[in-house]
There are 2 protein chains.
Amino acid sequence: MEKETKQNSATQIKVFKALADPIRLAIVTYLKQQDHEVTCGEVGAVVGISKTSGTYHFKLLQAAGLITARKVAREKYVQLDPTTFEQYVTDFYKNL
Amino acid sequence: MEKETKQNSATQIKVFKALADPIRLAIVTYLKQQDHEVTCGEVGAVVGISKTSGTYHFKLLQAAGLITARKVAREKYVQLDPTTFEQYVTDFYKNL
DNA sequence: TAAATAGTTCAAAAATATTTGAACTATTTT
DNA sequence: AAAATAGTTCAAATATTTTTGAACTATTTA
């Protein structure tokens, strides 16, 4: 059974834009290492940004589909979404 | 024999920045379809940009290593560099 | 040799992206 | 109930990216 290969061009740009920034790359790197849900606060502390800046960057990553988020009481847990990486990054060149 | 996996983080950002733009994505798409050297003028005409804009976008793509360029008399021939795509895009997630 | 063609350079203008701090909501702790 | 904590919202300030046009170099064509 083959995988789905239809790409959304607006999403494609959002994905590359989201990854084209050192802070967001640091966030993604940390989330990959953890390989499980972590709070925005934890990630923000690790990469050294303010809460406000965190809100901004997590929003872009989520809009690109690169992370999923789950709000639990006052905390927000985030995690990478590997399927988006696969579809829009890993498979980018072959689907071009 | 394994492939080299050491990534340059400045290049990584340049690559994603270069791909995070609709015009440059159109350029890359056209170059992939052609699969051989074409002039900047031809590409520029296809994607509908001015010469000046072309110079700007080809410069970014080249600085990211996504295209190679060869000047022949007054024309500049460009072509994708698949190894950069492989190293910095296709293998990005696995090397994270 | 004059005119046309392919592309570059430069700086100013315009458009986008990012940072910042104050004020806010909602939840948890003391 | 007050204080602390986690995160959001908003608008202004700042920074970065992209576009534009005029002037330029080098090459080719008429």
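Order of the sequence lines fixes the chain letters, A, B, ..., with proteins taken first and strands second; residue numbering starts at 1 for each chain.
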Compile the donor-acceptor pairs under 3.5 Å between side chains in residues 13-23 of chain B and protein atoms, sequence neighbours left out, one pair per line.
residue: Asp21(B); atom: OD2; partner: Ile23(B); partner atom: N; Å: 2.9
residue: Asp21(B); atom: OD2; partner: Arg24(B); partner atom: N; Å: 3.0

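- A heavy atom lying under 4.0 Å from DNA chain C marks the following residues of residues 15-22 of chain A, by number: Lys17(A), Asp21(A).
- In the 5' to 3' direction, nucleotides of DNA chain C lying under 4.0 Å from heavy atoms of chain B begin and end at dA4(C) to dC10(C).
- Side-chain heavy-atom separations under 4.5 angstrom define the hydrophobic clusters, and the remaining members of the one that includes Val72(B) are Tyr77(B).
- By the salt bridge (Lys or Arg N to Asp or Glu O under 4.0 Å) test, Lys94(A) is found to be paired with Asp91(A), residues two or more places apart in sequence or in another chain being considered.
- Side-chain heavy-atom separations under 4.5 angstrom define the hydrophobic clusters, and the remaining members of the one that includes Tyr56(A) are Leu60(A).
- Taking a 4.0 Å limit (strictly below) on heavy-atom distances, residues 64-77 of chain A reaches DNA chain C at Ala73(A), Arg74(A).
- Between Ile27(A) and His57(A), the shortest heavy-atom distance links the atoms CD1-CB, 4.0 Å.
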Mind listing the side-chain donor-acceptor pairs of residues 79-90 of chain B below 3.5 Å, one per line with the distance, residues two or more places apart or on another chain?
residue: Asp81(B); atom: OD1; partner: Thr83(B); partner atom: N; Å: 3.1
residue: Asp81(B); atom: OD1; partner: Thr83(B); partner atom: OG1; Å: 2.7
residue: Thr84(B); atom: OG1; partner: Gly65(B); partner atom: O; Å: 2.7
residue: Tyr88(B); atom: OH; partner: Asn8(B); partner atom: N; Å: 3.0

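- For residues 49-66 of chain A, the set of pairs meeting the salt bridge (charged side-chain N to carboxylate O under 4.0 Å, His left out) definition, not counting sequence neighbours, is empty.
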Check: Given Leu25(B) and Gln12(A), is the side-chain contact (heavy atoms from CB on, under 4.5 Å) satisfied, shown in steps?
Finding: CA-CA 9 Å; Leu25(B) 227 35; Gln12(A) 183 66 77; 4.0 Å; yes
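- Under the 3.5 Å distance criterion, the side-chain polar atoms of Gln7(A) are matched with a main-chain donor or acceptor of Thr5(A).
- No more than 12 heavy atoms of other residues, nucleotides or ligands lie within 6.0 Å of NZ in Lys3(A), so this atom counts as exposed by the packing criterion.
- Of the residues in residues 39-60 of chain B, those placing a heavy atom less than 4.0 Å from an atom of DNA chain C are Thr39(B), Cys40(B), Gly41(B), Lys51(B), Thr52(B), Thr55(B), in numerical order.
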Side-chain donor-acceptor pairs under 3.5 Å in residues 34-50 of chain A, sequence neighbours left out?
residue: Glu37(A); atom: OE1; partner: Arg70(A); partner atom: NH2; Å: 2.8
residue: Glu37(A); atom: OE2; partner: Arg70(A); partner atom: NE; Å: 2.7
residue: Thr39(A); atom: OG1; partner: Glu42(A); partner atom: N; Å: 3.1
residue: Glu42(A); atom: OE2; partner: Tyr30(A); partner atom: OH; Å: 2.4
residue: Ser50(A); atom: OG; partner: Ser53(A); partner atom: N; Å: 3.1

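- Applying a 4.0 Å cut-off to non-hydrogen atoms, none of the residues of residues 24-31 of chain A approaches DNA chain D.
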